[in-house]
Protein chains: 2
Amino acid sequence: MLTIGRLADYAGVTVKAIRHYHERGLLAEPDRDSSGYRRYTAEHAVKLVKIRTLAHAGVPLARVKELLDADPDTLTAAIAEIDHDLEDRIAQLRRARGQLAQLRGGDRLFVSPEVADHLDDLRGLGVSERAIRVERDGWILMQTASPEDAALWIAEKRELMADPEFRALYLEHDAAYDWPPDDPRLAALADRIRNWFAGRHSRSEARPVHNPAIARLAAQSLPGASSPAWDRLARLVEG
Amino acid sequence: MLTIGRLADYAGVTVKAIRHYHERGLLAEPDRDSSGYRRYTAEHAVKLVKIRTLAHAGVPLARVKELLDADPDTLTAAIAEIDHDLEDRIAQLRRARGQLAQLRGGDRLFVSPEVADHLDDLRGLGVSERAIRVERDGWILMQTASPEDAALWIAEKRELMADPEFRALYLEHDAAYDWPPDDPRLAALADRIRNWFAGRHSRSEARPVHNPAIARLAAQSLPGASSPAWDRLARLVEG
DNA sequence: GCTTGACCCTGCCCCTAGGGCAGGGTTCGA
DNA sequence: TCGAACCCTGCCCTAGGGGCAGGGTCAAGC
């Protein structure tokens, strides 16, 4: 009659799995024939299909064992629960697909949507990729330190970016990275930066937008995050 | 700056998983601070999110390691493949859900749709659950032995069931199970069975519908698959 | 009768992707 | 200054089998 291999084919399961179920006590060992081969009956086949159905649904074998001789009400409740889990897992896999698609480009996986929009804006303005990367890494650090604060800060920063003068300063500061440190434009730029800050402060909404400690960390974390021109500029702005 | 716990929260991963990625060489070990704590940078965060995204998509860590420093074209191809796998797995889970729903009742999980329809027909005719169970188990054994033959046999059997006389005999034979072995109706039934077989044979389409060896196996596999009345009936039919 | 390929047996070690716990040191906020 | 919350290494554990070794068995064809 039924050998282990045939039973395995019937149930869509490997021979090894069947032996495993015997070991775990899920499926009773059948009688053996004269040469020691296991000989199965239709009842084994029925039980095995039940085991396989639950196992393929991700139910741990220990739980399968319980369910095999649970009363119908318990079984019905358990099946509803398992079905729910399956639904969840399908939703998870779908989310995984969505994220996977974003892996090939863009920063949306690493920062909040608001920050990602901000980075896109910078790109639209013609900001260098180097600067964008420094920004991104800074925001990542801020978000890990405190997502709530980061959310507030990005909102402020985006308001700031609405100011044409600030945008101009941002771009010029970005361009200054490559200037020679004795470039005469640095002094002029430093003046405009100071003036702009003074103007903001006079309007009394003077909160520091960037936590300077964090900004420094972000700068340290990347090679090429500063330059001789920027160092000089910083000294000029400080006075 | 970034401790392992914060990094883990940011990436939606456990601390243990991060240490595991270090061991496997997926994520570079960061510098340690004076007390031996790991201190991470934004670059670690970016890489970790990539790892997590792939790992959540079910990519084995060894493969993740390869993909992390693959060229963009290879990566694009790999992502397409992984996405395909994900789609397959979603389809599998959906199938698992469908099968799970059938676990609570019915025989459709265990036999082919044709056999299941046949069993439903028997139920509709008022055949006893005991007989239906014997049929089901017989068909399971036949299907495990040879699905193709079983498909042919069930087609023949269903044709047979279209014959009102055969149906009547089937039902009476079923009912006879509980009769006393000396019941006078047994002899009459045996006659009708013999006549019916004779009629079929004369119409020259005389193929055995049931493989007798298999039928016997099916009968053996179940307790209560025979009775004193049936034993007597068998002797009467044989002559 | 003999061989050959497909089965079957037990027993052993291996894998993935971490989880859990022990036993100890560190940092931070009140 | 103290307790809670972190962090460190090291070790063992898990599910669900896969793979292989080393050996016995069965069925078909020659």
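The model shown is predicted, which means the values in this text are computed figures rather than measured ones. A note on names: the letters A, B, ... follow the listed sequences, proteins ahead of strands, and every chain is numbered from 1.
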Asker: Can you check the B:Leu27 CG to C:dA17 P distance for me, whole Å?
Answerer: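 The distance from CG of B:Leu27 to P of C:dA17 comes to 16 Å, rounded to the nearest Å.
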Asker: Using 30° and 60° as the class boundaries, would you call the ring planes of B:Trp230 and B:His173 parallel, tilted or perpendicular?
Answerer: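 Taking B:His173 first and then B:Trp230, their aromatic rings lie parallel (interplane angle under 30°).
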Asker: For B:Asp31, does the CG atom have more than 12 heavy-atom neighbours from other residues, nucleotides or ligands under 6.0 Å away?
Answerer: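 Counting other residues, nucleotides and ligands, CG of B:Asp31 stays at 12 neighbours or fewer.
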Asker: What is the nucleic acid contact for A:Arg39, judged by heavy atoms within less than 4.0 Å: base, sugar-phosphate only, or nothing?
Answerer: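 A:Arg39: no heavy atom of the nucleic acid under 4.0 Å.
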Asker: Starting at atom NZ of B:Lys65, determine the distance to atom P of C:dA17, rounded to an integer number of angstrom.
Answerer: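 In whole Å, C:dA17 P and B:Lys65 NZ are 13 Å from each other.
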Asker: Provide, to the nearest angstrom, the distance between the CD1 atom belonging to A:Ile18 and the C1' atom belonging to D:dG18.
Answerer: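 Atom CD1 in A:Ile18 sits about 15 Å away from atom C1' in D:dG18.
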Asker: Please tell me which of the listed nucleotides, D:dG24, C:dC9, C:dG25, lies nearest to the side chain of A:Ile4?
Answerer: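 The answer is C:dC9.
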Asker: Respond yes when some side-chain nitrogen or oxygen of B:Arg32 is under 4.0 Å from OP1 or OP2 of D:dC7, and no when none is.
Answerer: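 Answer is no, no contact under 4.0 Å.
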Asker: I want to confirm an ordering. Mapping A:Ala17 and B:Gly36 to their closest nucleotides on DNA chain D, which one lands closer to the 5' end?
Answerer: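 The 5'-side residue here is B:Gly36.
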Asker: Looking only at side-chain N and O atoms, does B:Thr14 come under 4.0 Å of OP1 or OP2 in C:dG18?
Answerer: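 So the side chain of B:Thr14 is outside the cut-off, no N or O lying under 4.0 Å from OP1 or OP2 of C:dG18.
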Asker: Would you kindly give the CG-to-P distance between A:Asp33 and D:dG24, to the nearest whole Å?
Answerer: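 Between P of D:dG24 and CG of A:Asp33: 16 Å.
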Asker: Quick one: on DNA chain C, does A:Gly5 or B:Pro60 contact a more 5' nucleotide (nearest heavy atom)?
Answerer: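 This one resolves to A:Gly5.
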Asker: Is A:Arg108 paired with A:Asp120 through a side-chain N to carboxylate O contact shorter than 4.0 Å?
Answerer: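 A:Arg108 and A:Asp120: salt-bridged.
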Asker: Should A:Arg52 be listed as having a side-chain N or O under 4.0 Å from OP1 or OP2 of D:dG16?
Answerer: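 No, because none of the side-chain N or O atoms of A:Arg52 sits under 4.0 Å from OP1 or OP2 of D:dG16.
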Asker: Nearest heavy atom decides the nucleotide; on that basis, is B:Ser34 or B:Gly58 closer to the 5' end of DNA chain C?
Answerer: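 Whichever sits nearer the 5' end wins; that is B:Gly58.
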Asker: Take atom CG of B:Leu2 and atom P of D:dC6, then tell me their distance rounded to the nearest Å.
Answerer: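 Taking CG of B:Leu2 and P of D:dC6, I get 14 Å after rounding.
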Asker: Atom CZ of A:Arg38 and atom P of C:dC8: how far apart are they, to the nearest Å?
Answerer: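 So the two atoms are 11 Å apart, to the nearest Å.
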Asker: Ignoring the backbone of B:Ser35, work out which of D:dA15, D:dC11, C:dT26 is nearest its side chain.
Answerer: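 Looking only at side-chain atoms, B:Ser35 lies closest to C:dT26.
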Asker: Answer with yes or no whether A:Tyr21 presents, from its side chain, a donor or acceptor under 3.5 Å of a partner atom in the base of D:dG16.
Answerer: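 Answer is no: no donor-acceptor pair is held.
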Asker: Quick one, A:Trp139 with A:Glu135, criterion side-chain hydrogen bond (donor to acceptor under 3.5 Å, both in side chains). Give me CA distance, side-chain angles, the key distance, then yes/no.
Answerer: CA-CA 6 Å; A:Trp139 288 110; A:Glu135 280 257 351; 2.9 Å; yes
Asker: Of all the choices, D:dG17, D:dG16, D:dC11, which nucleotide is nearest to the side chain of A:Leu61 once you look at every atom?
Answerer: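 It is D:dG16.
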Asker: Can you tell which of D:dC8, D:dG18, D:dT25 lies closest to the side chain of B:Tyr37?
Answerer: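 Looking only at heavy atoms from C-beta outward on B:Tyr37, the closest nucleotide is D:dC8.
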Asker: Mind calculating the distance between CG (B:Leu7) and C1' (D:dC6) to the nearest angstrom?
Answerer: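 Spelled out: CG on B:Leu7 to C1' on D:dC6 is 14 Å.
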Asker: Answer yes or no: is there an ion pair linking A:Glu129 with A:Arg136, defined by an N-O contact shorter than 4.0 Å?
Answerer: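 Answer for the salt bridge query: no.
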Asker: On the 0 to 90° scale, with breaks at 30° and 60°, tag the B:Tyr40-B:His44 ring pair as parallel, tilted or perpendicular.
Answerer: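 Because their plane-to-plane angle is over 60°, the rings of B:Tyr40 and B:His44 count as perpendicular.
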Asker: Check this one for me: any side-chain N or O of B:Thr3 less than 4.0 Å away from OP1 or OP2 of D:dC7?
Answerer: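 For D:dC7, OP1 or OP2 has a side-chain N or O of B:Thr3 closer than 4.0 Å.
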Asker: Between atom CD in A:Glu23 and atom C1' in D:dG17, what is the gap in whole Å?
Answerer: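 Atom-to-atom, A:Glu23 to D:dG17, this comes out as 10 Å.
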Asker: Less than 4.0 angstrom between a side-chain N/O of A:Arg24 and OP1 or OP2 of D:dG17, yes or no?
Answerer: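 No, no such contact exists.
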Asker: Does B:Arg63 have a side-chain nitrogen or oxygen under 4.0 Å from the phosphate oxygens OP1 or OP2 of C:dT16?
Answerer: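 B:Arg63 to C:dT16 OP1/OP2: no side-chain N or O under 4.0 Å.
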Asker: Is any side-chain N or O of B:Arg19 closer than 4.0 Å to OP1 or OP2 of D:dC8?
Answerer: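 Yes, because at least one side-chain N or O of B:Arg19 sits under 4.0 Å from OP1 or OP2 of D:dC8.
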